[in-house]
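Report on one structure; see the data block that follows.
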Amino acid sequence: MVNLSQKLSILDKNGLYRDCKYICSEQKPIINIDGKNVIVLGSNNYLGLCNHDDIKQASKKAIDMYGVGSGGSRLTTGSFDLHNELEQKIAQFKGTEKALVYGTGYMANIGVISALCNKDWVIFSDKYNHASIVDGCLLSGAKLVRYKHCDIEDLTVKIKTHLGKNNLIVTDGIFSMDGDIAPLNDIVELSLKYNIITMVDDAHGVGVLGENGSGTISHFNLNDKIHIHMGTLSKSIGSIGGYIAGKKDLIDYLRNTSRSFIFTTSLPPASIVASLKAIDIIQNNNKMRENFQHMIKWFRKELLSLGFEVAQSITPIVPIIVGSAEKTVQFSNILFDKGIYIPAIRPPSVPRGTSRLRASLMATHTYEDLKYVLKYLYQYGKKLGVI
Ligand SMILES: *Cc1c(COP(=O)(O)O)cnc(C)c1O
């Protein structure tokens, strides 16, 4: 038997041991953990839709009408009219012909890549792409070529060297740990030049960027140039689930072959209805997004003026790079004592030596909350030598 306790103690020694913090309240800007109220900067609930009153009401109604469980997989007895409605809504939102909903974004990524690609494919993947993309690539058996993060020169060189019979370029739209945006215009140019299929994982872009909040692809006005639109229903949309949107043939093919779609129970009615309602709210709330953009710019500028190295990006994910895993955990713990919860992100989620506090903003934060956070970020950032 492998010696797991030894493996665990090695993780612990390197500051890489992980445990859960249990929240005893709604997923709001101020949450309760073990009886302690803390301001959270780290939730993916960017728009506060995890606990929007209208959405809660709609979900409750769905439970009364349909019950709590779906009772089957999608191709047997688990497809409700609601699933169909949601897939049509997503297709309309993303400006594609069709969409397919999965249990989570993770399942969507492994499902689409492993259904589409095999050992005859070459996949060009950004080095900082989400783990679920990497897992999908590995599962597919395709040749995986990772290019330097957002580096079009490197991607071009790698394409020239490795181009195969069938090829895919896959990238996050907004990078989950860095908060920067993929150079989609350049990627599309390469896709056209070399006839390569493109896929964008827009887990973090929806609700934040693009026309009516429809995401990063729309932000660049490339809706019909990206072949595979992937997204999640669990971040801005505030519910649970993932999806692939694209041409009819792609979606029909996935419904027939994608194992993480087929061999699992479908999403329950209350979650589906929550997503439907949330997309409605996002599409009809440009003002909310404008205010949010204002807050994002302000927060980034404040951090910069305090001496933190942050980019002037327009996304709510603001990494505060610390360096070593141990020091990052220490910083996060000190802040927690002050009533601020910013998760420490360490390898393997990010490269060694770039451990960070991953601060993420919510449209429902107040400026007062954020000023409090800035004060202690500065105080302990100085003390720990981060700034
Ligand atoms: C969160 C995330 C996923 C996975 O989505 P879930 O719905 O949480 O499984 C995929 N890709 C990226 C970039 C993500 O940030």
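One-based numbering, in listed order, for ligands and for the atoms of each.
On a distance-only criterion, Y106 and ligand 1 share at least one N/O pair closer than 3.5 Å. Ligand 1 has no N or O atom lying under 3.5 Å from any N or O atom of M230, backbone or side chain.
Counting the atoms of ligand 1 from 1 in the order shown, those under 4.0 Å from a heavy atom of S176 are 15 (O). Short contacts between ligand 1 and N109, defined as distances under 4.0 Å to a heavy atom of the residue, involve ligand atoms 10 (C), 11 (N). Shown in contact with T232 at under 4.0 Å from a heavy atom are these atoms of ligand 1, numbered in order with element: 5 (O), 6 (P), 7 (O). For ligand 1 and D172, the ligand atoms under 4.0 Å from any heavy atom of the residue are 13 (C). Ligand 1 places these atoms under 4.0 Å from at least one heavy atom of S132: 10 (C), 11 (N). For ligand 1, the atoms sitting less than 4.0 Å from at least one non-hydrogen atom of D201 are 10 (C), 11 (N), 12 (C), 13 (C), numbered in the order shown with element in parentheses. Within the listing of ligand 1, atoms 2 (C), 11 (N), 12 (C), 13 (C), 14 (C), 15 (O) sit less than 4.0 angstrom from a heavy atom of A203.
Both tests hold for K36 against F336: distance to the six-membered ring centre under 6.0 Å, angle to the ring axis within 45°.
Proximity of G242 to ligand 1 is not established, as no heavy-atom distance is less than 4.0 Å. At a 4.0 Å cut-off, not a single heavy atom of M107 sits close enough to ligand 1 to count as contact.
Atom 6 (P) of ligand 1 has G105 N, 3.4 Å as its closest protein atom, hydrogens excluded (heavy atom only). In this structure, the protein non-hydrogen atom closest to atom 8 (O) of ligand 1 is S234 OG, 3.4 Å. Atom 14 (C) of ligand 1 has its closest protein heavy atom at K235 NZ, 2.8 Å.
Using the six-membered ring where Trp is involved, Y128 and H149 have ring planes that are parallel, under 30° apart on the 30 and 60° scheme. Taking the six-membered ring where tryptophan is involved, the planes of Y376 and Y380 are essentially parallel, since the angle between them stays under 30° and well short of 60°.
Taking each heavy atom of S332 and L357 in turn, the nearest pair found is CB-CD2, 3.7 Å. Considering every non-hydrogen atom in both S355 and A325, the closest pair reads OG-CA, 3.5 Å.
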Decide yes or no on salt bridge (charged side-chain N to carboxylate O under 4.0 Å, His left out) for D252 and K248, but give the supporting numbers first.
CA-CA 6 Å; D252 291 344; K248 177 180 179 299; 2.9 Å; yes
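With a 4.0 Å heavy-atom cut-off, ligand 1 is reached by no atom of I240. By the criterion of a heavy-atom distance under 4.0 Å, the side chain of H204, and not its backbone, is placed next to ligand 1.
Environment of CD in E189: sparse, with no more than 12 heavy atoms of neighbouring residues, nucleotides or ligands closer than 6.0 Å.
A salt bridge is absent between K297 and E302: the closest approach of a Lys/Arg side-chain nitrogen to an acidic carboxylate oxygen does not fall below 4.0 angstrom.
For the pair Y243 and M230, the minimum side-chain heavy-atom distance is 4.5 Å or more.
M177 and L209 sit in two unconnected hydrophobic clusters of ILVMFWY residues. Membership requires side-chain heavy atoms under 4.5 Å apart, directly or through other members.
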